[in-house]
J.: 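Please see the structure below; I have some questions.
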Amino acid sequence: MANPSTEISTKQRGLITHIIFDMDGLLLDTEKFYTEVQEIILADYGKTFDWSLKAKMMGKKAIEAAKVFVEETGISDSLTAEQFLVKREDLLLNLFPTSELMPGVNRLISHFRATGVPICVATGSHRRHFELKTQNHGEVFSMMHHVVTGDDPEVTQGKPSPEIFLAAAKRFEGGPVDPSNILVFEDAPSGVAAAKNAGMSVVMVPDPRLDGSFHAAADQVLHSLLDFNPSDWGLPPFNGVAN
Ligand SMILES: O=P(O)(O)OC[C@H](O)CO
Ligand SMILES: [Mg+2]
């Protein structure tokens, strides 16, 4: 991937004052659970799950991702989107409580908290699933000013619609915060598109298996949250010094 600082300097951005985090695949290593379960379900139909399909599903609300799954794989005559969700639910519910933080999350969240940068979460995940995934990570998630989930009444359409990020912008103290002052962290193509559709800046931290063509829409692309340099965005540096 290109030098992050070089990438940003070629794009327009406002003064960043607020942060919105995606959750699955960005803060939590949970995308692997969806992949695992979807591989199992598709195997029943003699088909294999691949990353081009994964790229179209990830980040979306459950029912929207489910429709993509049954239609793109050509199994919609045998399995409806609703039946697919029922089928994967039990498998996922067993996996979600084992969710682990992605590398660099603790350091970054603690840094924003310590330096007074307001942070929140906007996830396509259902609130019920959010609770299971975060049950062992109360310390990190308690630092979020608020959390908007995919089943929120204000979120009628999932990512790439900007709705979830605009709802998150409204709920900050003194909100709505102007989108040009918000930096979003995302792992999914649909999430990057949603942030840009909302008029926000976006750092993408993609899975290395995701096709590189999806990187172009982001303002900055990093291998890991550990590589994030707050100074690139005019945010307070780690330990008071730029890294
Ligand atoms: O990536 P998130 O946090 O918006 O979650 C989306 C789905 O739950 C999983 O792709
Ligand atoms: Mg995600």
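As the structure lists them, so they are numbered: ligands from 1, and atoms in each ligand from 1. Positions are given from 1 along the sequence.
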J.: Classify the side-chain pair Asp24/Thr30 by whether it contains a donor and acceptor separated by less than 3.5 Å.
T.: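 Side-chain D/A pair, Asp24 to Thr30: present.
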J.: Taking everything shown except Lys32 itself, do over 12 heavy atoms lie less than 6.0 Å from its NZ?
T.: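 Yes, NZ of Lys32 has more than 12 neighbouring heavy atoms, counting only those of other groups under 6.0 Å.
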J.: Would the distance check show the side chain of Ser110 and the main-chain N or O of Arg107 forming a donor-acceptor pair, the cut-off being under 3.5 Å?
T.: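 Pair absent, no side-chain N/O of Ser110 close to backbone of Arg107.
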J.: Please tell me whether His215 and Gln220 have a donor and an acceptor in their side chains that are separated by less than 3.5 angstrom.
T.: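 Their side chains do not contain a donor-acceptor pair, so the 3.5 Å distance test is not met.
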J.: Does the separation of the ring centres of Tyr34 and Phe49 fall below 6.0 angstrom?
T.: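 No, too far apart.
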J.: Note down each nitrogen or oxygen pair, ligand 1 side and protein side, whose separation is under 3.5 Å; give only atom names and the distance to 0.1 Å.
T.:
{"unit_1": "ligand 1", "atom_1": "1 (O)", "unit_2": "Asp22", "atom_2": "OD1", "d": "2.8"}
{"unit_1": "ligand 1", "atom_1": "1 (O)", "unit_2": "Asp22", "atom_2": "OD2", "d": "3.2"}
{"unit_1": "ligand 1", "atom_1": "1 (O)", "unit_2": "Asp24", "atom_2": "O", "d": "3.2"}
{"unit_1": "ligand 1", "atom_1": "3 (O)", "unit_2": "Asp22", "atom_2": "OD1", "d": "3.0"}
{"unit_1": "ligand 1", "atom_1": "3 (O)", "unit_2": "Met23", "atom_2": "N", "d": "3.2"}
{"unit_1": "ligand 1", "atom_1": "3 (O)", "unit_2": "Asp24", "atom_2": "N", "d": "2.8"}
{"unit_1": "ligand 1", "atom_1": "3 (O)", "unit_2": "Asp24", "atom_2": "OD2", "d": "3.2"}
{"unit_1": "ligand 1", "atom_1": "3 (O)", "unit_2": "Thr123", "atom_2": "OG1", "d": "2.6"}
{"unit_1": "ligand 1", "atom_1": "4 (O)", "unit_2": "Asp22", "atom_2": "OD1", "d": "2.8"}
{"unit_1": "ligand 1", "atom_1": "4 (O)", "unit_2": "Gly124", "atom_2": "N", "d": "2.8"}
{"unit_1": "ligand 1", "atom_1": "4 (O)", "unit_2": "Lys159", "atom_2": "NZ", "d": "2.8"}
{"unit_1": "ligand 1", "atom_1": "5 (O)", "unit_2": "Asp24", "atom_2": "OD2", "d": "2.8"}
{"unit_1": "ligand 1", "atom_1": "5 (O)", "unit_2": "Thr123", "atom_2": "OG1", "d": "3.4"}
{"unit_1": "ligand 1", "atom_1": "8 (O)", "unit_2": "Asp24", "atom_2": "OD2", "d": "3.0"}
{"unit_1": "ligand 1", "atom_1": "8 (O)", "unit_2": "Tyr34", "atom_2": "OH", "d": "3.3"}
{"unit_1": "ligand 1", "atom_1": "10 (O)", "unit_2": "Glu31", "atom_2": "OE2", "d": "2.7"}
{"unit_1": "ligand 1", "atom_1": "10 (O)", "unit_2": "Gly59", "atom_2": "N", "d": "2.9"}

J.: Of the non-hydrogen atoms in Leu28 and Leu101, which two are nearest, and what is the gap between them?
T.: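 Nearest heavy atoms, Leu28 then Leu101: CD2-CD2, 3.7 Å.
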J.: Looking just at side-chain N and O atoms, do Thr48 and Glu39 make a donor-acceptor pair shorter than 3.5 Å?
T.: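 Looking only at side-chain atoms, Glu39 and Thr48 do not form any donor-acceptor pair under 3.5 Å.
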J.: Answer yes or no: is there a donor N or O on one side and an acceptor on the other, between the side chain of His146 and the main chain of Ala168, under 3.5 Å?
T.: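 Yes; judged by distance alone, with no hydrogens or angles, the pair exists.
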J.: Spell out the protein N/O/S atoms under 2.8 Å from the Mg ion (ligand 2) as residue plus atom name.
T.: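 Only Asp22 OD2, Asp24 O, Asp187 OD1 fall inside 2.8 Å of the Mg ion (ligand 2).
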J.: Report yes if some heavy atom in the side chain of Ile164 is under 4.5 Å from a heavy atom in the side chain of Gln157; otherwise report no.
T.: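 No, too far: nothing below the 4.5 Å cut-off.
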